[in-house]
Chemist: 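To start, I am sharing the structure in question, which I have written as structure tokens.
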There are 2 protein chains.
Amino acid sequence: MSKPRSRRGGGRPTIADVARKAGVGAITVSRALREPGRVSEDLRRQIQAAVDELGYVPDPNARALASARAEVFGVLVPSLTNNVFAEVVRGIYDSLSDSPFRIQLGHTHYSGLEEERLLQVFGPQRPAALIVAGIDQTPTSRRLLETAGCPVVQVMETGSDPVDMLVGFSHLDGGRAATEHMIEAGYRRIGFIGARMDPRSQRRLAGYRAAMETAGLFDPRLVTTTPVPSSVPLGRELFRDALAKMPTLEGVFCNNDDIALGVLFECHRAAIAVPKTIGITGFNDLDMMQSAFPSITSIRTPRYEIGRRAVAMALAAISGKRPEQRIVDLGFELKRRESTAR
Amino acid sequence: MSKPRSRRGGGRPTIADVARKAGVGAITVSRALREPGRVSEDLRRQIQAAVDELGYVPDPNARALASARAEVFGVLVPSLTNNVFAEVVRGIYDSLSDSPFRIQLGHTHYSGLEEERLLQVFGPQRPAALIVAGIDQTPTSRRLLETAGCPVVQVMETGSDPVDMLVGFSHLDGGRAATEHMIEAGYRRIGFIGARMDPRSQRRLAGYRAAMETAGLFDPRLVTTTPVPSSVPLGRELFRDALAKMPTLEGVFCNNDDIALGVLFECHRAAIAVPKTIGITGFNDLDMMQSAFPSITSIRTPRYEIGRRAVAMALAAISGKRPEQRIVDLGFELKRRESTAR
DNA sequence: CAACTTACTGGTAGCGCTACCATCCTCTTT
DNA sequence: AAAGAGGATGGTAGCGCTACCAGTAAGTTG
């Protein structure tokens, strides 16, 4: 006889149940939960009591449908097994853990097409914000981002033409700084070793090249790259290749720390003295760099901070007050260590 | 004059638009998309044409509300910066990339309370399945999992009493195998070095202890642990501590590869011969283990495969046919390398 | 050939919530 | 004291989709 409460819902309390128990309208419950300031102290308390007693939790799906906005941050990174992005993602999570926002993560596998596909999947969900790695989206992806109807933060790089907002640092400057440091340290025949060679690695290479050319030291035979995903074993291999190509090599700037570690291990194995015979510089400064023997010079990148900052900017934009700075350059820091102390 | 299509929706085509264009009922469109087999060839084609022309994409939020089931996998891991879980998560993503399921990831930060909180957040979304790391949930978490109303897969361990399904391997056996290997290799005063000491590390320690006791070699002073998160620098520190406590140490079984690498670096720095003076065994077998100099013995764990298998089991359960095997032990493999070749 | 399946297809009625607008109070202002 | 402003509250009408059930046409059975 009583109304057959929710055939599908499984009997969880709804906002109507709370409203009835608190003796108010459903919409007032909704408001009390979302904008407490707009409901009187009295009702707010009454409603809270009813919520607690019933164990009411709003249905995020219903909420998303009614408001045409899901409390979800879409996050797109190339890879999660790459420690670098894992840290950015960690910064994002940490910044969002006290908010109502959930996180939906996607891997592009360094593929523009995959990125497009994921954006197409994310879009219909109407996320509250999108955070994507890099600035080299395909035209389609860029259009999808522009028409997403939510704040967009591109991360990991700097540039002058973000879709919306941008937080990162200059990989080109990082590559240049690393190379200049090695030149100053007295190395001359400095090689570049790079795996994966995604756009960020390309820019590091460009920075390396700029520094080498400025010093009149550039030689294409010094450059060893591969599209293969980066790993420590690959670092060893590439270094062997580089050395075979150019036996008089004096040092290498590696596009990341995994490669650098591989180079170090190969030097150990081949009894090549580091930093005396070969100098090594990495990129990102994972914590193992400082512990290695010898410790490895690297470019410290603000990965965690990038994640935090991206969320802060997105959150500001969501609440209406767009940050005055749409482009934030968090910089990097050269960590001089034993591996380049000639 | 014409009906003011969707004040909130932003003008994206709806299922009604497709139905009108294809000259069929909305429900038939819905069916054609979800269960093509139940719609005649003719209509299916017509509907597909309308979908393509309008660029219709179903609204996942509306879908979730109407069906009381979101196409989302909830995934709970302790940490993402830990390479081990990153690989499990990668396996999950790879297995789900061709499915309609999205992934919602949560970090517990190795905290039971945080896990409870996340489960409370995930629940109301009505996920299609839940994948959680570990079997040591709090009673509250366990109840939340049991009442989630969807398949649940616990991963990373084995055990006899899963909430629903379980994929992993035995950390205890892994710890024992690593230790037995070192004993066989001729080491006697074998230490255990462990950071973080989450339940899985505890079980590895238990395995170490069992092997040592069986061989009559156990001594509590051989065990060095800390709740501090694991890292390479920490591995160095802990090894120094262990050595200070027990200068006659002959080898160490490390609770993971980061620690092992730290130990190796410290040995290099202190000019301690590996494997002659000190033997080293790690756990997980990250790819840098094989590249290290000397290469480091480790227990290879099927992390990626665990992720894939977990998804496969969840998918099977969703489609009604629960796998006959609710508990899957994927085992591990001892990788003998130079660091224990006395 | 009536009765009964077995495909298909569609209408109706929500899912649980919020946007929009109306209403009802205060409390100011002139 | 009338008019206006502003805050608090509620009713109504969906958001876009799918569960449920009904209905129709075609094939099957005795």
Side-chain angles (χ1 to χ4, degrees), chain A residues 3-20 22-47 51 54-71 100 123-126 128 149, chain B residues 3-20 22-47 51 54-71 100 123-126 128 149:
Chain A
K3 85 140 82 71
R5 149 115 71 103
S6 101
R7 2 177 247 239
R8 315 172 191 166
R12 295 193 335 151
T14 73
I15 202 168
D17 298 324
V18 176
R20 207 171 307 123
V24 300
I27 189 66
T28 305
V29 174
S30 174
R31 262 197 293 259
L33 263 30
R34 289 177 301 134
E35 311 165 88
R38 294 188 42 189
V39 173
S40 70
E41 177 75 27
D42 262 19
L43 282 193
R44 214 186 309 153
R45 245 199 309 269
Q46 242 166 281
I47 289 169
V51 164
L54 292 172
Y56 169 71
V57 182
D59 180 329
N61 300 128
R63 201 171 243 193
L65 177 59
S67 64
R69 194 49 74 199
E71 290 187 314
Q125 268 184 90
R126 303 173 175 286
Chain B
K3 81 138 83 73
R5 151 116 72 102
S6 98
R7 11 173 238 236
R8 315 173 191 165
R12 296 190 335 151
T14 72
I15 202 169
D17 297 324
V18 177
R20 208 172 307 125
V24 301
I27 188 65
T28 305
V29 175
S30 175
R31 261 197 293 260
L33 263 29
R34 289 176 302 134
E35 310 165 89
R38 295 188 41 189
V39 173
S40 70
E41 176 76 28
D42 263 17
L43 282 193
R44 215 186 310 153
R45 246 201 307 270
Q46 244 167 279
I47 290 169
V51 164
L54 292 172
Y56 169 72
V57 183
D59 179 328
N61 300 129
R63 203 170 241 193
L65 178 59
S67 65
R69 195 46 75 198
E71 289 186 316
Q125 270 183 89
R126 302 172 177 286

Chemist: Once you round it to whole Å, what is the distance between P of C:dG14 and CG of A:L65?
Modeler: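 After rounding, the gap between these two atoms is 17 Å.
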Chemist: Nearest whole angstrom, please: distance from the C1' of D:dC15 to the CD1 of A:I15.
Modeler: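 Rounding to the nearest Å, CD1 of A:I15 and C1' of D:dC15 are 15 Å apart.
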Chemist: Return the value, rounded to whole Å, for the distance between atom CZ of B:R69 and atom P of C:dG16.
Modeler: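 The answer, rounded to whole Å, is 13 Å.
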Chemist: Rounding to an integer number of Å, can you tell me how far A:R126 CZ sits from D:dC15 P?
Modeler: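 The distance from CZ of A:R126 to P of D:dC15 comes to 12 Å, rounded to the nearest Å.
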Chemist: Using whole Å, what does the distance between atom P of nucleotide C:dT18 and atom CG of A:L33 come to?
Modeler: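 In whole Å, C:dT18 P lies 8 Å from A:L33 CG.
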Chemist: Between A:R126 and A:A64, is there a donor-acceptor pair closer than 3.5 Å when you use the side chain of the first and the backbone of the second?
Modeler: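 Side chain of A:R126 to backbone of A:A64: no pair is present.
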Chemist: The test is side chain to side chain donor-acceptor pair (under 3.5 Å); show your working for B:R63 and B:S67 and say whether it passes.
Modeler: CA-CA 6 Å; B:R63 203 170 241 193; B:S67 65; over 6 Å; no
Chemist: Below 3.5 Å between N/O atoms, which protein atoms pair up with nucleotides 4-10 of chain D? Just atom names and distances, please.
Modeler:
from   : atom 1 : to    : atom 2 : distance (Å)
D:dT9  : OP1    : A:S40 : OG     : 2.8
D:dT9  : OP2    : A:S40 : N      : 2.8
D:dT9  : OP2    : A:S40 : OG     : 3.4
D:dG10 : OP2    : A:G25 : N      : 2.9
D:dG10 : OP2    : A:T28 : OG1    : 2.5
D:dG10 : N7     : A:R31 : NH2    : 2.9

Chemist: Can you tell me which nucleotide in C:dC17, D:dT18, D:dG16 comes closest to the side chain of B:S67?
Modeler: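 Closest nucleotide among those given: D:dT18.
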Chemist: Write down the distance between CG (A:D17) and P (C:dC15), rounded to a whole number of angstrom.
Modeler: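 It is 11 Å, rounded to the nearest whole Å.
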Chemist: Would you indicate which nucleotide in D:dC17, D:dA19, C:dC17 comes nearest to any side-chain atom of A:R63?
Modeler: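 Looking only at heavy atoms from C-beta outward on A:R63, the closest nucleotide is C:dC17.
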Chemist: To the nearest angstrom, how far is A:E71 atom CD from C:dT18 atom P?
Modeler: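 It works out to 9 Å between those atoms.
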Chemist: Within this structure, what is the CG-to-P distance between A:N61 and D:dT18, rounded to whole angstrom?
Modeler: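 The answer, rounded to whole Å, is 13 Å.
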Chemist: From the options C:dC17, C:dT18, D:dG16, select the nucleotide whose nearest atom is closest to the side chain of B:A66.
Modeler: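 Within the option list, the nearest is D:dG16.
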